[in-house]
Amino acid sequence: MTTLLIVEDDISLNKGIALTLAQEGLVLEQAYDLAGAEERLARGGIDLILLDVNLPDGSGLDLCEKIRRTSQVPIIFLTANDMESDIVLGFELGGDDYITKPFSLMVLRSRVMAVLRRSRPFYEERLTAGDLMLDFGRMEFRKKGVSLSLSKTEQKLLKVLVSHPGQVLTREQLMERVWDREAEFVDENALTVTVKRLRSKIEDEPSAPVHIKTVYGLGYTWNAGERE
């Protein structure tokens, strides 16, 4: 399922957009101001945002800038501001498309579908494992619905592990894939430290890990299931 968030304070337009986009496989959620949008975004799982620039409690441009600090979720701006400088600013802040009002709902639909097609690789990088939701495309990671803050190195290690479920990856293999060409200059203890930090964030009991299993004398393996 693909989830779209429509952030538009004009209730009639918001409903019209939702009706136009309604189809099997799409979940449409609605917000009418920045506060409502941020509350919904905090729960994660949004695949595309239709974002009005002028909202009752602030600017959609500011929200876009905030989102881009942690996520690459596609954003399509909706606005009556048709000045070239406004459009350029929207793209510079990370928008994927910019549609000026008034607009054809069918044209909007076509452009939404085009952005979704372009961003499809992000969806393919999302998976769940027990109570974990791992979205590498949008850099969103959650445990029991609570956001996890992972460093770039932790994200790279986690992605290598989950990409090879059940496969034993040696310490040497992990060092090469996580640190690339810098691996030979990185202390081997860095891997142990990174694994320990990652376990402290994703495991219920880091001392008895369910997901990142140690294979003594070799390396580590990823277990997506429950405790053995």
Exercise for the section: Looking only at non-hydrogen atoms, find the nearest pair between C64 and G95 and report the distance. Expected result: SG-N, 4.1 Å
Could you go through residues 83-93 and list every donor-acceptor pair under 3.5 Å that involves a side-chain atom there, pairing it with any protein atom two or more places apart or in another chain?
none

Exercise for the section: Sequence neighbours left out, what passes side-chain contact (heavy atoms from CB on, under 4.5 Å) with S110? Give chain and number order. Expected result: none
Practice task
Give the cluster check for F136 versus L132: same hydrophobic cluster or not, with ILVMFWY residues linked at side-chain heavy-atom distances below 4.5 Å.
Solution key: yes
Fill in the blank from the handout: Between L63 and A37 the two heavy atoms that sit nearest each other are CD2-CB, 4.0 Å
Fill in the blank from the handout: Those residues at least two apart in sequence (or on a different chain) that pass salt bridge (Lys or Arg N to Asp or Glu O under 4.0 Å) with E172 are none
Practice task
For the pair D96 and R68, find out whether any cationic side-chain nitrogen is under 4.0 Å from an anionic carboxylate oxygen.
Solution key: yes
Practice task
Applying side chain to side chain contact (heavy atoms under 4.5 Å, CB included) between L50 and each of L5, I17, V115, report the one that passes.
Solution key: I17
Handout entry: Within-4.5 Å side-chain heavy-atom neighbours: L191 and W179
Key = yes
Completion exercise
The salt bridge (Lys or Arg N to Asp or Glu O under 4.0 Å) partners of R111 (sequence neighbours excluded) come to D97
Handout entry: K101: salt bridge (Lys or Arg N to Asp or Glu O under 4.0 Å) partners, not counting sequence neighbours
Key = E8, D52
Problem - L218: hydrophobic cluster co-members (side-chain, 4.5 Å) - result: V168, V215
Exercise for the section: Kindly say whether T221 contributes a backbone atom to a donor-acceptor pair with the side chain of K213 at under 3.5 angstrom? Expected result: no
Handout entry: Steps toward side chain to side chain contact (heavy atoms under 4.5 Å, CB included) verdict (L161, L174)
Key = CA-CA 8 Å; L161 288 168; L174 290 171; 4.2 Å; yes
Fill in the blank from the handout: P56 meets the side-chain contact (heavy atoms from CB on, under 4.5 Å) criterion, sequence neighbours left out, with D9, D33
Practice task
Could you tell me whether the side chain of E203 and the main chain of I212 form a donor-acceptor pair under 3.5 Å?
Solution key: yes
Completion exercise
Residues pairing under salt bridge (Lys or Arg N to Asp or Glu O under 4.0 Å) where one sits in residues 160-170, two or more places apart or in two chains, turn out to be none
Practice task
Could you pull out all residues at least two apart from R40 that satisfy salt bridge (Lys or Arg N to Asp or Glu O under 4.0 Å)?
Solution key: E29
Handout entry: Partner residues of Y32 under the ring pair (Phe, Tyr, Trp, His ring centres under 6.0 Å) criterion, sequence neighbours left out
Key = none
Exercise for the section: Please determine if R197 and E154 form a salt bridge, counting it only when a charged side-chain N lies under 4.0 Å from a carboxylate O. Expected result: no
Exercise for the section: Scan side-chain atoms only and decide if T214 and R199 contain a donor-acceptor pair under the 3.5 Å cut-off. Expected result: yes
Handout entry: side-chain contact (heavy atoms from CB on, under 4.5 Å) involving Q23 - partner list, sequence neighbours excluded
Key = L26, R109, M113
Handout entry: Same cluster (ILVMFWY, side-chain, under 4.5 Å), I46 and L55
Key = yes
Exercise for the section: May I have the step-by-step check of side chain to side chain contact (heavy atoms under 4.5 Å, CB included) for I67 and I49, ending in yes or no? Expected result: CA-CA 11 Å; I67 291 170; I49 305 170; 3.7 Å; yes
Practice task
Can you sort out the partners of K144 under side-chain contact (heavy atoms from CB on, under 4.5 Å), two or more places apart, ordered by chain and number?
Solution key: D131, D204
